[in-house]
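To find a chain, count down the sequence lines: A is the first, B the second, and so on, and within it residues start at 1.
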Number of protein chains: 2
Amino acid sequence: MPFTYDYPRPALAVDCVVFGLRESSLVVLLVRRGVPPFEGSWALPGGFVRLDETLDRAAERELVEESGLKVAYLEQLYTFSALDRDPRERVVSVAYFALVNPVEHRPQAGSDAASAAWFDVREAPALAFDHRHILQVALERLRSKVRYRPIGFGLLPERFSLTQLQRAYEIILDRPLDKRNFRKKIAALGFVVPTDALEEGVGRRAARLFRFDRAVYAALSEKGFDLELI
Amino acid sequence: MPFTYDYPRPALAVDCVVFGLRESSLVVLLVRRGVPPFEGSWALPGGFVRLDETLDRAAERELVEESGLKVAYLEQLYTFSALDRDPRERVVSVAYFALVNPVEHRPQAGSDAASAAWFDVREAPALAFDHRHILQVALERLRSKVRYRPIGFGLLPERFSLTQLQRAYEIILDRPLDKRNFRKKIAALGFVVPTDALEEGVGRRAARLFRFDRAVYAALSEKGFDLELI
DNA sequence: ACAAAAGTGTTAGAATTACACCCATGA
DNA sequence: TCATGGGTGTAATTCTAACACTTTTGT
């Protein structure tokens, strides 16, 4: 298996924009860099791609290594290639966009990162490299995609109340939604199905919990079902 | 500027899916490979990324080198990274998606390719590497994006009749559209403006020619104008 | 005069939006 | 009993989709 292209090649990295939901804000996972360049700065979790792994695997691996978390949704976002995006040398970065279920994440620093923390996306600190730009692109993708693909569920626990779901959409889209219209829409979709569980431990009437039915959704989208969620 | 990551790294390539419009079909530009692997097979135009160019530039350069054409629209599609996608060694490929104005293209073989030709997307031959898959992804992107972004214009000449525009949409979406409803929609958009030119040399009543007004479109989409084209 | 595509409105049905009150529960 | 969010329907409006004929021009 000859090397057919032995000129210098860019290094290849992945960077992950991990979104979560907290109270009434959308949060993003950042790690504090423990090594130069930008040592001490906040950055998106990420790292170099190995020869024996796909990009998706590299993204998953980096997330586990740097924050110990498992994501509910992961998709490739965009590949960034500005010549000067890394001061060391030429690094092309494939950015990923991930959603985590809020109950499961408890970020903890891994080997590469001095620490990891969640930040409100509106109050993120200065970021290393072109990570501010990547975050911006990820936010746009989230806001547009959430309207026609059921990815919002990736930010919620397995079972959720309709109010929780509505809050998630309101936070992502940054505008209020009408409760009755929202519920009508969700009911019409058919893949958000009631469980027989109710909320527990709330100091008020408990809401019914629903779940996202992957099978029903898959069947619908198979048939070219053209959904518009919100 | 020290090399901070001197492990083996994947080679990085770009591949371009260039769409054009011909009579009543959507066509894609393919090149016949002049070198192994897959020598003699048809493939998407593409090549390795140099250290001193961005991915966008690499895509443009490859298109010029391999086919001598200039594109009206170019966007990054997706980055493909299956471990075995290239039999020689590990190659990660950033795929691009391009549209060319039908009057301008006359593909001609460049240095790397023995020949280049347009193929009806429904009748494309077997392709090298994972290029069939890339083509499939590009087609899906075109079909979905054309419905909410005015990229269809990239497939038409500078000035076009509304019938031409409608045909373009019909070919891309692969379904007939209603003439009156189509024109109502286009008129409502506001950025498809009449010129005072008419078709010439047609053996019938000449249609008015329109053009895509970038400025008006930019102003609208600036204001978060949420357009749904078709 | 005829062939061929250009151009033009209306109406029914569907989808979207706006809007307010009673209910169940736990403290 | 009260505070809190859970849960529910209707009417006006807007958008979408279906549909056919007259006009212009070149041959």
For [X] and [N], what is the distance between atoms [atom1] and [atom2] respectively, to the nearest whole Å?
{"X": "A/Phe182", "N": "D/dT8", "atom1": "CZ", "atom2": "P", "result": "14 Å"}
{"X": "B/Phe210", "N": "C/dG7", "atom1": "CZ", "atom2": "C1'", "result": "10 Å"}
{"X": "A/Glu228", "N": "D/dC15", "atom1": "CD", "atom2": "C1'", "result": "12 Å"}
{"X": "A/Gln166", "N": "D/dT8", "atom1": "CD", "atom2": "C1'", "result": "14 Å"}
{"X": "B/Glu199", "N": "D/dT24", "atom1": "CD", "atom2": "P", "result": "17 Å"}
{"X": "B/Ile186", "N": "C/dG7", "atom1": "CD1", "atom2": "P", "result": "14 Å"}
{"X": "B/Arg167", "N": "C/dA6", "atom1": "CZ", "atom2": "P", "result": "11 Å"}
{"X": "A/Arg208", "N": "C/dC23", "atom1": "CZ", "atom2": "P", "result": "19 Å"}

Distance-only donor-acceptor test, A/Lys184 side-chain atoms vs D/dT10 base atoms, 3.5 Å: yes
Assess whether one donor atom and one acceptor atom, taken from the side chain of B/Arg205 and the base of D/dT23, lie less than 3.5 Å apart.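 Check passes, donor-acceptor contact within cut-off.
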Any luck finding a side-chain donor-acceptor pair between B/Arg183 and B/Thr163 under 3.5 Å?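 Looking only at side-chain atoms, B/Thr163 and B/Arg183 do form a donor-acceptor pair, the distance falling under 3.5 Å.
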Are B/Phe160 and B/Phe153, when compared by the centres of their aromatic rings, separated by less than 6.0 Å?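 Yes, the ring of B/Phe160 comes within the 6.0 Å limit of the ring of B/Phe153, centre to centre.
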Look at all strands and tell whether B/Arg183 reaches a base, only sugar-phosphate, or nothing, counting heavy atoms closer than 4.0 Å.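 The answer is base, as B/Arg183 lies within the cut-off (heavy atoms under 4.0 Å) of a base atom.
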Over all strands shown, is A/Ser161 touching base, sugar-phosphate only, or nothing at heavy-atom distances under 4.0 angstrom?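 No contact.
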Taking all atoms of both residues into account, what is the closest heavy-atom pair of B/Arg33 and B/Ala128, and its distance? CD-CB, 3.9 Å
Charged N to carboxylate O under 4.0 angstrom, B/Glu199 versus B/Arg205? no
Is it true that A/Lys145 and A/Glu75 make a salt bridge, defined as a side-chain N closer than 4.0 Å to a carboxylate O?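 Yes.
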The residue, A/Asn181 or A/Ala206, whose nearest nucleotide of DNA chain C is more 5′ is A/Asn181
Nucleic acid contacts - residues 169-179 of chain B versus DNA chain C, non-hydrogen atoms under 4.0 Å: B/Lys179
Report the residue (A/Arg204 or A/Arg180) whose heavy-atom-nearest nucleotide on DNA chain D is the more 5′ of the two. A/Arg204
Taking for each residue the nucleotide of DNA chain D with the nearest heavy atom, is it B/Val202 or A/Leu162 whose nucleotide lies nearer the 5' end?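 The residue whose closest nucleotide sits nearer the 5' end is A/Leu162.
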For the backbone of A/Phe97 and the side chain of A/Arg141, can you confirm whether one donor and one acceptor N or O come within less than 3.5 Å of each other?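 No; judged by distance alone, with no hydrogens or angles, the pair does not exist.
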Do any N or O atoms from the side chain of A/Ser25 and from the backbone of A/Val27 form a donor-acceptor pair under 3.5 angstrom? no
Check this one for me: any side-chain N or O of A/Thr163 less than 4.0 Å away from OP1 or OP2 of D/dG6? yes
